[in-house]
Structures are given as structure tokens and as C-alpha cells.
Amino acid sequence: MEPILSVKNLSTWFYMEEGVVKAVNDVNLELHENEVVGIVGETGSGKSVTVRSIMRLIHKPGKIVSGKVIYRGRGKEEDILSLPEDEMTSIRGKEISMVFQDPLTSLNPLYTIGDQLTETIIQHQDVDRKTAWEIGIEMLKKVQIPEAEKRMMSYPFEFSGGMRQRAVIAIALSCNPKVLIADEPTTALDVTIQAQILDLMKELQKEFKTGMLFITHDLGVIASMADKIIVMYGSRQMEVASAEDIFYRPLHPYTHMLLRAIPRLDKKQDKLEAIPGQPPRMIEVPNVCPFAPRCPRRLDKCTKELPELVEIEPEHFVRCFNPVLETKNSEAIPNE
Amino acid sequence: MKKLSVLLIVLVVAFSFAALPYIGADANGKPGGQFVLGTLSGPKTLNDVVAKETSSTDVIDMFMAYGGTLIERHGVDMKFYPAIAESWDGPRLTSDGGMEIIWHIREGVKFSDGHPLTADDVVFTLNDIYTNPDIPSSMQDVLMSTNGYLPKAEKIDDYTVRMYYPEPFRLAFRYLGGMYIYPKHIAEEYVKNGNFEEFWTVDAINDGKIVGLGPYIPVEYVPDQYVRFEKNPYYWKKDANGQQLPYFDEVVFKIISNQDAMRLAFENGEIDVYAPRGTEFAELKEKEKDLNIVVTTAGPAYGTTWISFNWNTPDPVKRKWFRNEHFRKAVAHSIDKESIIDTLYNGLGIPQWSPVSMSSPYFNEEVVVKYEFDLDLARAELELGGFTWDENGQLLDEDGNPVKFLLTTNAGNRVREGVANIIADALKQLGMDVTFTPIDFNTLVQKLLNTGDWEAIILGLTGSDEPQGGANVWRTDGSLHFWNYSPEVADFVDPNDYYLPDWEKEIDKIFRENVRILDENVVYDYFSRFQQLASEYIPMIYTVNSLRMYAYKATMKNVKIGPLGGTAWNIYEEWKEE
Amino acid sequence: MNEPVIRVQNLKKFFPITKGFLVKKKVGDVKAVDDVSFEVYKKETFALVGESGCGKTTTARTMLRLIDPTDGKIEIFGKDISHLNREKLLPFRRKMQIVFQNPIGSLNPRMTIGQILIEPLLFHKIVDTKQEAYDKAIELLRMVGLKPYHMDRYPHQFSGGQKQRIAIARALSVDPEIIFLDEPTSALDVSVQAQIINLFMKFQDELNLTYIFISHDLSLVRFISDKVAVMYLGRIVEIGDVDEIFENPIHPYTKALLSASPIPDPKIEKQRKRIILTGSVPSPIARPSGCFFHPRCPFKTEKCEKEYPNMYKVSENHQVSCYLVEKEGV
Amino acid sequence: MVPELFIITLLVFLIMQAAPGDFLDQYRLDPSVSKDFLQALEKQYGLDQPIMVQYIKWLKGLVTGDLGYSFYYRRPVSDLIGERVLNTLILSLYSFVISWIVGIILGVISALKKYSFWDKFLTVIAFTGIAIPGFFLALLLLYFAAKTGTFPVAGMYSVNHGKMNVWEGFKDIFWHLQLPAFTLTFGGFAGLMRYMRGSLLDVLNEDYVEFARAKGMPERVVIFKHAMRNAINPLITMFGFSLSSLLGGAVITETIFSWPGLGRLVYQALVQQDIYVVMASTVISVIMLIAGNLVGDILLAAVDPRIRLE
């Protein structure tokens, strides 16, 4: 089956006074219906700009310099990046929705939850206010907000953080989109609330069979959510594989080291294996492997040219001249 | 006594055939039109007793003066002409040693409300208003004779009034003759109720309550905007053709609070007359043709600018210098009046030497001592005064103290600050250590009048053509005799160190006696002596008088500018050619 | 056994709530820290964990006397500092340093790194001359893995991890014995977090430091701490040895916290049984009756609604404030 | 409010009294005014009494609605203020409304077209407006008026105003209003415009604006529904605050254009030490300030549920 969303060779650059920040370079990804693709990366790795580029929410001085975003949800192939702006408003929120990181700031403080919910419904569906209001109540019930009828009249500040994120999810899903983009949706929440929200999102995703792009820096969170994982570093995709492969058979030295650098709740560890050095600066980066300066498996070649993203094993892509092939038998996570 | 009777005859000869025509009787103009004057601020009151500022008195003059007084003065020849009083007898001595004037009031004169004017109004004005002890006014100071007597008026018949002083008082004629006459039928009620203060506030204009004998009656006042006058339908004067005066239907005082805006309004034709500042004069003069205006000067103004020293300054060393006449003469020699005129008055000034205004009939240039600008003469005076110089050129007094003092003036007055700088520079050349610091006006007044804590000062005083107006300044017990207050007037003067030179005593005597003399020639001699003494011993060293400057539309006719000043003194005969 | 370096007894910190348009009136208290007691021994890492608003940061700030306690005792090296004035507090301030969550906010942007490091050295008279201070500053930079040439740079020229290293160097400069670590890595990237955590471990070893570690990241707490106190609405609900508590949590809240923390392992994640709590943390202004946790607790009994449970000793190094202990008869 | 008023008026009173001299100083150097007369005036004005007695007398009057007596005008202060308050309001309200409308519209344009030619152009205009001294602009306009004859040079009315009918009178005032209003507006709108621009730019960076876009709201709705209302919020406090300047903010403009307003009256009173006029204006300022803040708070509560519902 054709993926519902394909991103091809997407590059988004920011033209700053200090120079060109190449935030996203040559990113390719595919998302199928009822599939969760996770994008993992650190600050500045380009994961967030990638999904905002898909939504065309890139503002000056940023610019999508190349690539295509093919959407197949409306019975045809459409390149989102070449649609006129007013056509775009019928994609956003209706076909592709997005949930932001901080629920405290995603809602307009001056309007009631009901207002912000119904305006979206009226915008995209051919219904009157009253029907929209009822659909809104249904949505709030879906995201398990108690006393939904009453809560429609509440303002965001009357909600707790978790409740607000539920409301945001309700808005995002109110028009039954085929793709949901979640940009670190639980990072700002407390851990017990995070668990609630992740649970909810997963449930709803299954129910609506939505394709979901899930962005996070937290390897623990992604482990529970994603079917497929894209690891980004320095504005490029480093490794793309199924969740199991990423966690048990990481081939890229970066992924490999990252998994050893994080503490685990379920184990007593003596030491964390730190990755030396600093994350790269993003201005005027040369076309070489961005991880090379911190990589212990670095070859001479690594600082001279950029490795291609190659399919080393079936459905397992790695951008590296010297992948960690010898640890094949899942040495990454020592099993006890 | 013999001398007095001679005087009496002279006076009778001089005054009792006063059958002069009134001013404006020969006028020949076209009635109608509107005359717009600019003023910086609006009237505060229309009650002459209360009014203290020109913004109010200018408005009051329009309906009470300009022909509304017993006699009026010609602005060019400075003589008194009959007005409400058709003629008069006196002033003359009476057998009891007092003095009287008999006024014969013109018959048929009416107030602007149509109410006829009689002797009752004149008597009421003097007895119940100006000399009423319950109504304090500065007019009482003016009318008070040497020994503190106030005049009394009595009605002889409906059109004859006698005014009487228990002693001779020369100024009585001009002050009583120029006194504004209140309509008894309106004002009496306020006097009786004891609230004369509240009579004719500015609200009275819009209430239509203003009544007067003058040519224009204010009928509309928009605060801070304008005062509009309409001509008095009962004004008594008629011109050569029998046409009733005044000519203008309306006069408007347009209030423009900003001098620059005032000038622009004049150039724009919104106002008809303008008093330019020195800095603007040349520029306006150039535009005379383009703007169809007349730009002219008219002799020195009455206001003065002078430098003076405090003879009772707290430091006894300094007192000694300031009391030293040679020191003062040296300072007088160091005042470069020409350069003051050039740099500060744009050439529109004239050196002043005498305490009596050059525009006054008592001014006598022959007797005046002039200390020309000459630093060598100044040094010579200092040597005469016992001063020496050290090797650095610093001036020392005879005890070896360096001469060092503070010179001050009120901050913000550009001309006075300029004069101070020019004088201070010259004095420094003489080896004096002068520090010039302008200070706030109110602080200055406190120092001058209440604490005596000052050394040298540059200030100005207003003046008039009558030297006696400066009595408060020149009499040794005067409240403005600030350079050398009598210990009885100011408590900061040490009675044991009070120094009163003979010439001061003589000036004091002149100011006490001249008002008792009715013979103008004798008075002239008295004031000549005063000018001689004051200009020689210079307790106040005069600098420069500015010239009076006027600009008015060339279409204005009958504008007669003279030493009395102003473009409005004969407003009833002025007219505009459209 | 040796004396604890820190002993906190019945510590309370209430913030008054005022209301009113023209006239402000006190209407109640936010009981941010309510009757908290614990002891910390030398070279130990003591973790305070809990969700936002549980009072962990306020506890730390009160212990540092950055804010004044409402009631209770804070003994440092056996001396109660809860009421000392500024002057008497100074030597304790030196012994107790803090590293904040946000390295950007805690470094003055107008001062060079050299100035930032030298200032406290001279202020606390650790050294006598400027030269000595300079040498010591370079030494400190080396210790935290930076280079001497970094002395003349300004904070904005460093990455987040480097800034946190500078903050550590500054904290270490005055030879402290206790360091408060207030979420010291939560603003850092995963790849850098390990560097910083390892640095803390190294210094604790070398310099015999005692750490008060404040975090909401239980994985990190498990890795770094010896003891842990779990806080909920201003009170400690469970306290004791880290491994014991993480292996055998008793309080339902601790259990929920642990089960909610994700583990970077898809298989384990899929098998885990989660305790999903309903609702969110109530407002500290209007705390529930009885046990504060009872409205969200899957095991609540009638008793829980009425009375706040006492601290029960589970073992030598494990205490919990929950009636479940009685029932299970531990 | 009452204690504030009390403290501020007492302070102003003491400061006025601490300044050297008093109202009568301007007459003390006039040779024609005698000492006795000055003493009589002192007594009449109550200047011979102790400061606190004078203050308490004034305060007592204030409670009964009596604002005192002007030495200079020799009339009740309330009359003086009464006849000028409307004039000042006409000028300040007119320019206030225009400044706010122009400031907000241009601020929005400037923010939406950030870094474009128009943004830069408007920024230059704004900084000119902020930088140029009011008196200088006023004089410039005066010259403009005088040279071109398009606008009257000074004042609020023509001298023939009293003879006009209502419509002519209205036109007359409106015509006179333009230059002084322009002076005030030019100085006033610029700050507002920059403030609005900054505020809107801040809001445009907010997540909820981006979220509104992400959920497919058209740009028009994003700007005017989601961004604008939030951006206006901080201006409301300012609005309330600047309301308080309506009755006293234009001394220089009023003086230069001979506008018969309160500013001129009070300025003159300050110079002349006409103390009760100054005191009355202080009372008005304090009341206006408090009222302005109250209005601001009420407006803010009306538009912001966070404030309303707390």
C-alpha cells in the first residue's frame, strides 16, 4: 500500500545574519496509515523543523529550499509544498493535524476551549455552530475530559497542563485527520501525566487509524510509541529502522552510544558511557558526517565526505562509513 | 508765606483759563471696522482697585480711560487736556494751608448704559472707593500726601466737584484728574455690602454688566482666547465733522500666549499692531513694504537696568568697598554701554545716566554726571579710593584684602545676564574677582528685601515720567531703598554700622518736599539737583534704556506715537482704511 | 555511626495567599513544604523526587536559606541555621553551593568566565591574591574539562553542557561540602547529560561531597542517588534507600511514578503493566482531607479519607506514609 | 485612594511652600506698591498664617468641594478650571483618539510587514515623532500656518466666534484644532505604534498563533482573532494610564498655540506661585490617575478572562 505521506529530499534552511543555518538537509520519510513513525534527536538536530516544513509553518528567515511532500489522503498525489496558501488551510487541521510541545501556550488564553474547538470544526466541516458544539463535546469526551459539557465553557487557564494537552489533542483530532504530527507532546508534562497522555494518544491513534509522526528527544518515550524510528543528528537522518532494530541492533555509532549514555530505571548501573564533545553548530556546516568530531569509530573519510543513507539490512538504513556491525547480536543492551 | 501767594497767582494764571479743546475734536476719519490687538494673557479682573497687571489694566482702560477721566494726557506733547472735566480751577492753596481743585464737569455725558454722569459719581469714586479704608488699594499709596493725608471730594452742584487736601500735594492734579470714575448707581451696592472685591470680575463681561465712560465696552470674554469690545454708544466725544467717536465698531484683544505666535499672527494680518522685540525689529523693518506695515521706534522706554551694591552686606570688609564712592565710580567707568547696546539691544537702546527718564519733562541732561567707559579712569578712581594692586594684578583694598564679590541677577533674563557678563569682564580687567551667578527671581527678592544677603546685583525697575514715582526707592526710609536700608525699615541692618552720607539725606529731602510745591519750575530745579546727586554718587549705576518699538498695519490711521508710549492712547480717533 | 551532615526536622514553608482589588487580604496558605524531616550523611547523594509543585525545590531553597522557613529546624553539621542572620550564615553559605537547572540564567552574561570564577574566590577569601585566584580558576576549569583559554570568554560563547561545567566549577571553587543539584541536567541534551552526571560522580568521589539531588527523572535518580525521598503535595510519602524503594515501592504514588517512567526498551515497554493515575495533582491551596493522595489512589480505604497516615518503618532504610503497610503487615 | 490623595497634596503643598518667596513677590519690586498694601494682601490671602494652618484650611475646603481661590485671577479656582476643562478635553481627547487609532493601525501594519520597506519607513516616522521636541514641531507648524495661511496661527476660536451659528462655530473650532492636535498626535502615536508593533510581534511568536495556523485557520482569523486581541492586552494598561494625562499633558502645545486649556493655567500658576490653582490641578491629576488605572483594570478584566475570573 502506498504511504499516505512521503517526504522526499526535504531541505529547509534559515538565512540568518550570522550565516545560513541548514536546519534540515535531504530528509526522506514515509508514513503509512495506522503507523507511528518516531523521530528522535537532540536540540537542533532538525526534527522539529522537518515536521513544521511538512505543515509549511516555516517563517522568515526560514525557507524550504528543496524537496517534495506528497500527500495521498485525498485520493490523489498532491505535493503539499506547491499548493497555494489558501489551499493549505484546507490541509492543515483537516488532513494533517499537529500537537505542539507546550500545552500551556498552545491554546489562546482569551477564548474558551469550546470556542477554539468549534472554530476548527466549523472551518473544516460543513456544519452549523450548534452541531459543531456537539461534535466538540464528543471530542472532549473522547480525550477523557470529565464534565465535557461544562468544560467547553472554560478558559485554558482553568485547566491543568494535562487537561490542556487533552484539549489540544481533541482539537487536533476533531476533524479526523489522516496524519497527526506530535512535536514532543509530553515533554512539558509531569511523568504521571505524560503516561496518561501517551496512553491516550496511542489509543486514539489506533481507533482513528491515524498515521502519526511522533517527535521526541526521549528514547524511553519513543520506545513505547513508535513502530519505526528515524534518528536525526546535525540536521540529517543518521539511522532509520524499526523500533526493535534501533534499540537492539543499532548500527550507527551515534545511536549505539546514545543508548549507553542514558540511565535506566529498571537496572542498577555503575557507569554511564558519555559521548564526548558538544553537539554541532549549525552554521556553515561542511558536507561531511556531522557526528564525525565526536565519533570514536571515525575514519579519515568521515571528515572529508558525507556518507549516504544506505539500506544495510532490509528496512534498516544507516548513514555511516563504519557502522557498528560487529555488535549484531544485540550487545547494545546487555541482557541480564 | 509771601512766596506761597506768588505761587498761587502763578497757578491761577496757569490753570484757570483752561479752555483747551479735547483730544480728538479735530479728528477726521471713517467710522466702522474692527481693530484687533494682541496680548499675551487675558484680564484677571475688571476692577481697577484689584487689578495689578497690565493684562487687566489694558482692558480696564478701554472702558474707563481714553476720555473717561476728568482730564487726559496727550501722548505726544505730554500735556493735560480736558476730558470729562470741561475746565477746572486749581490746584490752588486754600486759606487753611490746604489745597483744592474745583472740577467743572461736562454736562450731558452719559455712562455706556445711558445713565447720566453727575458730580455724585465723581465724589462717590474718590470718597467711597479710592480713599475708603476698607478697600485697600495701591491707589491710596499714590494719592497719599507727604504727611499721610488722603483727599476728600465734595459736591458743589450737579456738575461741580471740589477736591481738597489739608496740605499742598503737587501730584494731586495728575492722579485725581486721571482717576477712573465709577458709576455710582452700580458700584454703590458693592461698597455698602463690603464686597467691592467681587465687583466686576471677568464674569461681568459676559453678563453684560460692564459700564463705563470710555470708548469701548467689553461685551464678550472667552478665557485665554479673546476679549471683544463694542463701541460705547454714549461716548461723549465728537470729531471735527460732528461724527460721534470712536470710529471702530469693535475692538478685539486677541490673547496669544506665545510671543512667536503673536508675531506670526501680526505678519499673517490677524492682529493690527505688534510690539516687536529687539531681535525682530530689523527683520520686520525690511518687510515693511511687503506686509504693508509701519515699523518704528519711539524714544527710550521707562524701564531701567542698573547695577547696585549692598552697603549693608553681611561682610563688613565688603561693606566698606561698596560704601566707597570711588569704588562705585570706578565700576561706572567700566560699563561699556555701547557694546551693551550693540550686542544685547541690537542697536535699539540708548545709554542712561540719570535716574529721571529721558522721556520725562524733568529730565535735565546738563546737570547729569556721565562716567564714560574708560578703564584708565576707573583705575584712577580706585587709587583715589585707596585701592592697590598686587603683583598678579589682583585689586586690594587699603587693608590688603583682595576685592572679591558675588554679582547676581534673576535667572532667565537674557539681557540682564548679558549685561552682568559684560560688566563682570570689565571688572575682572580692573583686578576684581567677580563671580557671576544668576538665581531664581523669588529667591532674589527674598535676599533683596528680607535677608540683605547679597553683594552686587543687576536688576531693573519700572518707571514713569514723574520722578516722584520712585519715592519708595529714593527716600532713605523707602521700602525699596535696598542698597542702604534704614535700620528702622530692615532688621538686618546694624544700627551701629549705619552709614548715611549727606547727599543721601539731601535726596531724601527732595523727595519729601517737592510734592508740597505746586510751582513746576521749582520742582524742576529740585529734580535737577536730584539728578545731579544721584548721577554723581551713583548708588544705582544705570546702564541702558531700550527704545520703544512699534509695528502696525499701514492701513491704521491716526496712530500717534510719543513718549507716553503705546498705540492705543488715542484709540477713539484711530481708524482703518479698508 | 557518624553524625548526619544535614538534619531537617519538621520543616515547614507556607506562602500566604492574598486576594482583593484595593485592599489585600490573606485568605489562606500555600503549604509548599509541610512537616518534612530527613537526614543526610556525608558523601551521600540524597534525592528529592516528585512532580512539579510537590515542594522539592522549595525544600532545597529553604535549606539553603534562600527563603526563610515558616517552622522547623535545619541542622547543618549539627548547628541549626534556620534562624541565623546574614552574617552568621555566611560560612554555611560557603559550605553549601547550588547548581541550577538552567545554566544560562545562572551566569552573568556581562562577566567573563574568569571573572565569574575569581569573584567568589576573593569574596570568600579562599585565596589571598588575584594571582592565586587566577591560578585556582584555571585549575577549576581543568577539573571540569575546560581549557585555560576559556577564561576570557563570555557565557554566551559556550554550549549548554559547557555552561553547566562552568556552573559546577564555580560551585566547587569555594571548597563546598554540600552541593544542591536542582535538576542540573534537565536542560541538556541526552548526549551531554551523561558527561555532566559522570563529572558529579567523579567529584563526589574525589572531594567527599554530599549531594542533595532534585529531579523528576527517576532513571537518573536511580543511577546517581543513595537515598531518595518521594514528595507529594509538600510531604514526604516514602523515603529510604534507593535500590530498596525502586525494587520494592510501597506507596501507591511511588509505584505510579515508577510505572509511568518510560524505559528505553520497546519489548519491556510493551510488557509493562502501568498504573495510570486518574486526574492530576490537586492544588496545594486546597489539599484533600486525610491522605492527600487518596482521591487518585487505586487502593484507598475509608481510613485514608479521614486521617493522614503516619510514617511507618518498612525496614532499617525504608519508611513510608501509607496504611497499606499495616494491611500487608510488612 | 484617600490616603494617597492626602499624602500627595500635602507633599505638593509643602514643596510649593518650600520654594522661595510667594505669590506676592512679583509686586514687591514695584515702586508703586507700598508695604502696607502688600501686608493687607498677605492677610487677605492668608499668606501670613502658618503653613499647616493654610493646608488644613484648604483641605477643609476641599472636603466641601471648594477648591480654593486663585490669587492671580482673584476668582474661585473651580471657576477657572471649569471654563478650561472642556477646551483641554476637546484637544486632548481628539488627539488621543487619533493617536490611538493611527498608532494601532500603523503598529499592526509595521508588525505584519516586519523588515519590509513600509516597516522601516514607519519606524523612521515613529522615531522622528518620539525624538522631535513638541515645542519645536509646534513652532514649525506655526510657521507653516503663517506662511501658507491654510490654518489659523493661534487660539481655539476666531475673534468673530461669538457671532457664528452652531455649525460655523463647530467648523471654526475644528479648524483651529488641527495644528495643536497634530503636534500632540505626532508625539503620541509613535510610541503607541512601536509598542503595538512589539506587542503584536511577541504574540505572533506565541505557540497558540502557530497552533491556530496548524489547525487550518485562515491567516485573517489567525491575525485578527488570535493575535490581535492578545496583542492589545498590554496596551490596555497603558490606555488607562494615559487617560490620566488627558487633563494636564499638553502645557507646551497649549501655550504655543494659545489653546485656552488647563495646562497653560497650571503652568502659569506654578510660575506665579498661585498655590491653590496648583493644588487643584494636583487633586485632579491624582484623581485622574486613579480613575485611569481603574478604567484600565476594568477594561482589562473585560477582555481578559484570566483577570476577570480570578
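Hydrogens, waters and symmetry mates are skipped; everything else that's a heavy atom, side chains included, is used. We name chains A, B, ... by the order of the sequence lines, and we start the count at 1 in each one.
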**Q** Chain A: which of C:H216, C:M201, C:Q195 shares the most heavy-atom pairs with it under 4.5 Å?
**A**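 Ranked by contacts with chain A, first place is C:Q195.
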
**Q** I'd like to know whether NZ of A:K150 has more than 12 heavy-atom contacts from other residues, nucleotides or ligands below 6.0 angstrom.
**A**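 No, NZ of A:K150 has 12 or fewer neighbouring heavy atoms, counting only those of other groups under 6.0 Å.
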
**Q** Examine whether an atom of C:I276 lies under 4.5 Å from a heavy atom of chain A, and if so say whether it belongs to the side chain, the backbone or both; otherwise answer neither.
**A**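 Interface part for C:I276: side chain.
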
**Q** Using every non-hydrogen atom in the two residues, find where C:R222 and A:D266 come nearest and quote the distance to one decimal.
**A**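 So the minimum-distance heavy-atom pair works out to NH1-C, 3.6 Å.
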
**Q** Would you mind checking if C:D265 and A:R264 are paired as a salt bridge, meaning a charged N to carboxylate O distance below 4.0 Å?
**A**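 Between C:D265 and A:R264 there is a salt bridge, with a charged N closer than 4.0 Å to a carboxylate O.
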
**Q** Checking heavy atoms, do the side chain of C:Q162, its backbone, both or neither come under 4.5 Å from chain A?
**A**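 For C:Q162, heavy atoms of backbone and side chain both lie under 4.5 Å from chain A.
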
**Q** Against chain A, work out which of C:G161, C:S261, C:S280, C:S52 has the most heavy-atom pairs shorter than 4.5 Å and name it.
**A**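 Among the listed options, the one with the most contacts to chain A is C:S52.
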
**Q** Indicate the atoms forming the closest heavy-atom contact of A:D190 with C:E51, along with that distance.
**A**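 The answer is CB-OE2, 3.0 Å.
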
**Q** Restricting to non-hydrogen atoms, name the atom on A:Q278 and the atom on C:S159 that form the minimum distance, rounded to 0.1 Å.
**A**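 Minimum heavy-atom contact is OE1-OG, 2.7 Å.
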
**Q** Within a strict 4.5 Å, meaning less than it, do heavy atoms of the A:I262 and C:S219 side chains meet?
**A**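 A side-chain contact under 4.5 Å is absent here.
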
**Q** If I take atom NZ from residue A:K267 and atom CZ from residue C:F246, how far apart are they, to the nearest 0.5 angstrom?
**A**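 So the NZ of A:K267 and the CZ of C:F246 are separated by 14.5 Å.
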
**Q** Checking C:D189 side chain against A:T43 main chain: does a donor-acceptor pair fall under 3.5 Å?
**A**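 Looks like yes, one N/O pair under 3.5 Å.
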
**Q** Looking only at atom types and distance, does a side-chain atom of C:Q193 sit under 3.5 Å from a main-chain N or O of A:A274, one as donor and one as acceptor?
**A**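 Side chain of C:Q193 to backbone of A:A274, a donor-acceptor pair under 3.5 Å: no, none is there.
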
**Q** Please classify the contact between C:L258 and chain A as side chain, backbone, both or neither, with a heavy-atom cut-off of under 4.5 Å.
**A**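 Contact with chain A involves both backbone and side-chain atoms of C:L258.
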
**Q** Is chain C contacted by the side chain of A:E42, its backbone, both, or neither, given a heavy-atom distance below 4.5 Å?
**A**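 Interface part for A:E42: both.
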
**Q** Give the minimum heavy-atom separation between C:R274 and A:A195, together with the two atoms involved.
**A**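 Result for this residue pair: CD-CB, 4.3 Å.
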
**Q** With C:P262 as reference, evaluate A:V221, A:L198, A:L265 under the side-chain contact (heavy atoms from CB on, under 4.5 Å) test and give the passing residue.
**A**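 Only one of A:V221, A:L198, A:L265 forms a side-chain contact (heavy atoms from CB on, under 4.5 Å) with C:P262, namely A:V221.
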
**Q** Given the options C:L218, C:T278, C:L257, C:D243, which has more heavy-atom pairs under 4.5 Å with chain A than any of the others?
**A**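 Highest number of pairs under 4.5 Å: C:D243.
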
**Q** Would a distance-only check, ignoring hydrogens and angles, find a side-chain to backbone donor-acceptor pair under 3.5 Å from A:Q194 to C:A260?
**A**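 No.
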
**Q** Within the distance-only criterion (no hydrogens, no angle test), does the side chain of A:Q196 pair as donor or acceptor with the backbone N or O of C:L277 below 3.5 angstrom?
**A**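 Answer holds: yes.
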
**Q** Go through the atoms of A:S224 and report whether side chain, backbone, both or neither lie under 4.5 Å from a heavy atom of chain C.
**A**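 Contact with chain C is through both the backbone and side chain of A:S224.
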
**Q** Assess C:K267 against A:Y248: is NZ or CZ under 6.0 Å from the centre of the six-membered ring, and within 45 degrees of the ring's axis?
**A**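 Yes; both conditions hold, so C:K267 lies above the ring face of A:Y248.
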
**Q** Mind listing the closest non-hydrogen atom pair of A:A261 and C:A194 along with its distance?
**A**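 A:A261 and C:A194 have their closest heavy atoms at O-CB, 3.5 Å.
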
**Q** Heavy-atom distance under 4.5 Å to chain A: side chain of C:S283, backbone, both or neither?
**A**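 For C:S283, no heavy atom lies under 4.5 Å from chain A.
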
**Q** Using a cut-off of under 4.5 Å on heavy-atom pairs, state which of A:D270, A:T192, A:L189, A:I222 scores highest against chain C.
**A**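 Counting heavy-atom pairs under 4.5 Å, the top option is A:T192.
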
**Q** If every non-hydrogen atom of A:A223 is compared with every non-hydrogen atom of C:I263, which pair is closest and at what distance?
**A**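 Shortest heavy-atom contact: CB-O, 3.7 Å.
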
**Q** For the pair C:K270 and A:E244, find out whether any cationic side-chain nitrogen is under 4.0 Å from an anionic carboxylate oxygen.
**A**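 The answer is yes: the pair qualifies as a salt bridge.
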
**Q** If you count heavy-atom pairs within less than 4.5 Å of chain C, which of A:A226, A:G277, A:G162 leads?
**A**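 Top option by heavy-atom pairs under 4.5 Å: A:G277.
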
**Q** Identify which part of C:I197 has an atom lying under 4.5 Å from any heavy atom of chain A, answering side chain, backbone, both or neither.
**A**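 Side chain only.
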
**Q** Within a 6.0 Å radius of atom CD on A:E315, are there more than 12 heavy atoms belonging to other residues, nucleotides or ligands?
**A**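 No, because the 6.0 Å sphere around CD of A:E315 holds 12 heavy atoms or fewer from other groups.
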
